[in-house]
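A short worksheet on the structure shown next.
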Amino acid sequence: MLKTHRCGILRKEHIGQTVTLAGWVNRRRDMGGVIFIDLRDSSGIAQVVIDSGKTDVDFSIAEKVRNEFVLQVRGTVDPRMEGMENPNLATGAVELTVSEINILNPSKPVPIQVDKEATEDESLRLKYRYLDLRRERMQRNLRIRHAAIKYIRDFLDQRNFIEIETPILFKSTPEGARDYLVPSRVHPGKFYALPQSPQQLKQLLMVAGYENYFQIARCFRDEDQRADRQPEFTQMDLEMSFAERDDILDMIEEMTIGMVEHTSVIPLASKEFPRISYREAMERYGSDRPDLRFGMELIELTDIMKDSAFKVFASNAKDGKPTKAICAKGCGHYSRKDMADLEDYAKKFGAKGLAYLAIDPETEQVKGPIAKFFSTEQLDAIMTKMDAGVGDLILLSSDNKLVVNSVLGELRLEMGRRLGLTENTSLNFCWVIDFPLFEEEMSDGHYAPSHHMFTAPQRAHIPMLDTDPHAVLSEQYDLVCNGYEVSGGSIRIHERPLQRKIMELIGFSIEEAQDQFGHMLEAFEYGAPPHGGIAQGLDRLVALMAGEPNIREVMAFPKNQNATDLMADAPSFVAQHQLDDLNVAHKGAAIEAVEEAEQ
RNA sequence: GGGGACGUGGUGUAGUGGUUAACACGUCGGCCUGUCAAGCCGAAGAUCGCGGGUUCGAUCCCCGUCGUUCCCGCCA
């Protein structure tokens, strides 16, 4: 090795030792007769001192050194002089007095400043990702990611899980997201698909008798990007035979708690993960992924509205349309314009308008356009139910249940953001369970699965598949953290007749099912064990634990919003003979793009 | 596919319908033996994303286009 010690580990106990360090110049401070260099390696930073008064060191070399040069230095670890310690540096009690300095490689001036926090446009960071990754923040994030993955592997290994790799080249299926396709050279006209998840394969591993499978699996989805969505991403994917729902929930909960405690920068809010039914989540938070960092729950006021003089709400109540509200603490001073902004926001989610009651911070009177329609008793009842006090703002919505929950759910999040309640200071997990098996009725009279078509209905609800499919609850479960869905899974269907019934309800013909899932259906006829599993979005979870606003910050080489790798410039055009091999030809916009590129 | 924001030296920003586009960091040179965001002195570095239009004159106003980003659609 070209070094005997790592920069970041030097402490008082090393004083007197002769050591060799190697790393990058984080910063250089030239005093004329003495030059200080902050030498950085993957372990941290050490200050090295080159003193022109010492004859055994070639001072002229130190004068040539610039930021990001790669150096090797040999010297003795000395205590810093009295009062010269640097408490901001882990190695700040000592410094290396250099007797030999060697430039291993110089560096051009860097386009981004490695020793400073990122301020530049993200596209520049992505173009020079290998420099951006030198930064402390990215080094930290990728270490958190490594620690999380290692924790998961160790945890599952101890519980008799084995990690099995599944193919990246697999089969396209029509439902779900758009597939990334890979043309086959050997089979003209045929394509592989990159897996959106190893879902089918892990179920087949259950049929194969492995009982406990997991994988840190790369998944691919050709959809438009978001802050927490990349074309390729990583899932902790897991499947268990003979497990019931709570077995999986309990184990994942234990694993998640352990992982957060071992690796997270942001602390866990509670070791109790509440289990909330889908219905309750929608009623109380207006979302199937409730952000539990704050309260501001949706409260039903329909009873009070029923007898009120406010005709819109009263007649809605008679039509079975609820009125619900949230209470934003301390927002009673909102101006007419603030309220107009909020109303516009509410309308984006289907609200026809936005009613409100504000308790004026000065007069302590209830004000707002609809206040006059309510008696003092009714207003008192509303205040009590909403737990509202002086200076608070109550936002009301009345419509069908779906709209009311969605509008107030979004307003709740918006008010939470405005009130600073969504700061990323703790991780608030909860389980959402008892999802409906089907989402909505399609125009052709068929049903859409709310998770995927292998999700099992709850045993007791199976008879309702014939009578009232919408009422059927499933064995699906999601793990939610701070309003993000971080995991999702289910107990699967393992019996062929039930699977066929579900496919019929979804509108899959026997032929279609046979063509796309024939291997699955056939496999299930050879003694498929009852099984279930879960997949965790690792990128999102690590981003939450690292306190980062998007998943690109916890991925080494992410793509930008247009699914482009700005560093390598991928995707790129390929040679004609490559296309010829694949029997693939350009068409439409691709022809124009190629012509343009050739000019 | 749609909407919003942004685009000015290497980087981050400021600015203006009119002579020489300002500041900080970085870079280069000089001074300096105890700094740690070192300091001081000096210098170089920008066709103001690209194309078109309005105008006597556009970095600024208008249109288009490209790029980046956030959101909706899409996606579990």
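Naming: A, B, ... by sequence-line order, numbering from 1 per chain.
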Kindly state which residues belonging to residues 115-126 of chain A come within less than 4.0 angstrom of RNA chain B, counting heavy atoms of the residue only, listed by number.
K116(A), T119(A), E120(A), D121(A), S123(A), L124(A)
Flag the pair L71(A) / V48(A) as yes when at least one side-chain heavy-atom distance between them is below 4.5 Å, and no otherwise.
no
Could you check whether G488(A) gets within reach of a base, just the sugar-phosphate, or nothing at all, counting any heavy atom under 4.0 Å?
nothing
5'-most by nearest nucleotide on RNA chain B - E95(A) or D30(A)
E95(A)
Is there side-chain contact between P558(A) and I551(A), with heavy atoms separated by less than 4.5 Å?
no
Mark yes or no for a side-chain to base donor-acceptor pair under 3.5 Å between R29(A) and C32(B), with no hydrogen or angle criteria applied.
no
Under 4.0 Å, counting only non-hydrogen atoms across every strand here, what does N562(A) touch: a base, just sugar-phosphate, or nothing?
sugar-phosphate
How is R27(A) classified with respect to the nucleic acid when contacts are heavy atoms under 4.0 Å: base, sugar-phosphate, or nothing?
sugar-phosphate
Using a cut-off of 4.0 Å on non-hydrogen atoms, how would the nucleic acid contact of R540(A) be classed: base, sugar-phosphate, or nothing?
nothing
Watson-Crick or G-U wobble partner for G29(B), using a 3.5 Å limit on both distances?
C41(B)
Expressed as a whole number of Å, how far does the P atom of C48(B) sit from that of C60(B)?
9 Å
With nearest nucleotides of RNA chain B determined for R226(A) and Q476(A) from heavy-atom distances, which residue corresponds to the more 5′ nucleotide?
R226(A)
When the P atoms of U59(B) and U8(B) are compared, how many Å lie between them, rounded to an integer?
15 Å
Taking any heavy-atom pair under 4.0 Å as a contact, classify A535(A): base, sugar-phosphate, or nothing.
nothing
So what does R66(A) touch, heavy atoms closer than 4.0 Å: a base, only the sugar-phosphate, or nothing?
sugar-phosphate
Any base atoms under 4.0 Å from R221(A), or only sugar-phosphate, or nothing? Heavy atoms, all strands.
sugar-phosphate
Which part of the nucleic acid, if any, lies within contact of G176(A), taking any heavy atom under 4.0 Å across all strands shown: a base, the sugar-phosphate backbone alone, or nothing?
sugar-phosphate
With the side chain defined as heavy atoms from C-beta on, A227(A) is closest, among A38(B), C25(B), C70(B), to C70(B)
Go ahead and name the base partner of A22(B); Watson-Crick or wobble counts if both distances stay under 3.5 Å, otherwise write none.
U13(B)
Salt bridge (charged side-chain N to carboxylate O under 4.0 Å, His left out) with E68(A): of R135(A), R40(A), K108(A), only one passes, and it is R40(A)
Any base atoms under 4.0 Å from N67(A), or only sugar-phosphate, or nothing? Heavy atoms, all strands.
sugar-phosphate
Once you apply the 3.5 Å cut-off to both distances, tell me the Watson-Crick or G-U wobble partner of U35(B), or none.
none
Neighbour count above 12 (heavy atom, 6.0 Å) for K127(A) NZ:
no
Under 30°, 30 to 60°, or over 60°: which ring-plane class applies to F273(A) and F429(A), parallel, tilted or perpendicular?
parallel
